[in-house]
Amino acid sequence: MSAVLESVEPSYRLMKLGDLDCVMSIENLAYPFPWSEAIFQDCIKVGYHCWVAELDNAIVGYAVFINAVEECHLLNLCVNPILQGRGLGRKLLSNVLGNAKDYNARCVFLEVRASNQHAVELYESEGFNEVGLRENYYPSNHGREDAVIYAKEL
Ligand SMILES: CC(C)(COP(=O)(O)OP(=O)(O)OC[C@H]1O[C@@H](n2cnc3c(N)ncnc32)[C@H](O)[C@@H]1OP(=O)(O)O)[C@@H](O)C(=O)NCCC(=O)NCCS
């Protein structure tokens, strides 16, 4: 299963409002403090880059990002938990970076929970560097948690 998935490239398309049932089921499984459906609706309506990755026409992950003047801000990157650890997150991130380049972004920024080891390993292995810290930024089960700010020059 793992080897098969790693050799397959997902297809990517823009997220639609009609995808949100599926997206929310993944979001609720993947995050301890998930985004609400209203946040996704707003992101789609204001024209943020909201992409889904599909395998066999089923949504397996998604990314939400903004391409502003020469900067890309990655707001959400998520893979269905039952398919994590098989290379999909790296492929999805690569798709985001390619899109940011197409929009002439020079730098990509993101924030990640300090405890999110898998995401930190992914970002660092893709050349992101820690550039800042927002203390007590995220809610957590034990009070608040720091956000680490990462950046990658394109
Ligand atoms: C972070 C996330 C997108 C990574 O997606 P993924 O498909 O699991 O990641 P990949 O299989 O492409 O792995 C990429 C790298 O992440 C790290 N990683 C991923 N899963 C891991 C695991 N189970 N154990 C250890 N490291 C892991 C490794 O460095 C891995 O590289 P390697 O396979 O070369 O060792 C995914 O775990 C996820 O959706 N998490 C929940 C949502 C989230 O936290 N998003 C990030 C918000 S900033």
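Note that the numbering runs from 1 along the sequence shown for the chain. Just so it is clear, the structure is predicted and the values come from calculations on it, not from any experiment. Whatever order the structure lists ligands and atoms in, that order sets their numbers, starting from 1.
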Next on the checklist: Taking side chain to side chain contact (heavy atoms under 4.5 Å, CB included) as the criterion, tell me which of Val108, Leu110, Leu75, Asn99 meets it with Phe65.
Outcome noted: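 For Phe65, the side chain to side chain contact (heavy atoms under 4.5 Å, CB included) test succeeds with only one of Val108, Leu110, Leu75, Asn99, which is Asn99.
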
Item to check | Same apolar cluster: Leu92 and Ile26, side chain cutoff 4.5 Å | outcome: no

Nearest to [atom], what protein heavy atom do you find, and at what distance?
atom                    : answer
atom 39 (O) of ligand 1 : Val79 N, 2.8 Å
atom 23 (N) of ligand 1 : His118 CE1, 3.2 Å
atom 38 (C) of ligand 1 : Gln84 NE2, 3.2 Å
atom 26 (N) of ligand 1 : Glu121 OE1, 3.3 Å
atom 2 (C) of ligand 1  : Leu122 CD2, 4.6 Å
atom 32 (P) of ligand 1 : Arg90 NH2, 3.6 Å
atom 10 (P) of ligand 1 : Gly87 N, 3.6 Å

Is the shortest side-chain heavy-atom distance between [X] and [Y] below 4.5 Å?
X      : Y      : result
Asn116 : Tyr138 : no
Asp146 : Asn136 : yes
Arg106 : Leu154 : no
Ile44  : Leu20  : yes
Tyr31  : Cys78  : yes
Leu122 : Phe128 : no
Tyr123 : Val148 : no

Within the 4.0 Å heavy-atom shell around [X], which atoms of ligand 1 are there?
X      : result
Val112 : 48 (S)
Gly89  : 5 (O), 6 (P), 7 (O), 9 (O), 12 (O)
Gly85  : 6 (P), 7 (O), 8 (O), 11 (O), 20 (N)
Tyr31  : 42 (C), 43 (C), 44 (O), 45 (N), 46 (C), 47 (C)
Arg86  : 11 (O)

Checklist entry - If only atom types and distance count, is the side chain of Asp19 paired as donor or acceptor with the main-chain N or O of Lys16 below 3.5 Å? => result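 A pair under 3.5 Å: yes.
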
Item to check | Donor-acceptor pair, side chain of Glu145 and main chain of Arg113, under 3.5 angstrom | outcome: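 No; zero donor-acceptor contacts below 3.5 Å.
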
Next on the checklist: Please confirm whether Ala30 approaches ligand 1 to less than 4.0 Å, judged on its heavy atoms.
Outcome noted: yes

Item to check | Asn116 to ligand 1, any heavy atom closer than 4.0 Å | outcome: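 Yes, Asn116 has a heavy atom closer than 4.0 Å to ligand 1.
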
Checklist entry - Looking at atom 36 (C) of ligand 1, would you say a protein heavy atom lies below 4.0 Å from it? => result yes

Next on the checklist: For atom 7 (O) of ligand 1, is there a protein heavy atom at a distance under 4.0 Å?
Outcome noted: yes

What do you reckon, does [X] have a nitrogen or oxygen under 3.5 Å from a nitrogen or oxygen of ligand 1?
X      : result
Glu111 : no
Tyr123 : no
Cys78  : no
Ala119 : no

Checklist entry - Checking side-chain hydrogen bond (donor to acceptor under 3.5 Å, both in side chains) for the pair Ser125/Arg90: CA distance, chi angles, key distance, verdict? => result CA-CA 10 Å; Ser125 70; Arg90 195 182 294 284; 2.9 Å; yes

Checklist entry - Are any of the side-chain nitrogens in Glu126 or Lys152 under 4.0 Å away from the carboxylate oxygens of its partner? => result no

Item to check | Selection from Asn76, Leu29, Leu77 by shortest heavy-atom distance to atom 45 (N) of ligand 1 | outcome: Leu77

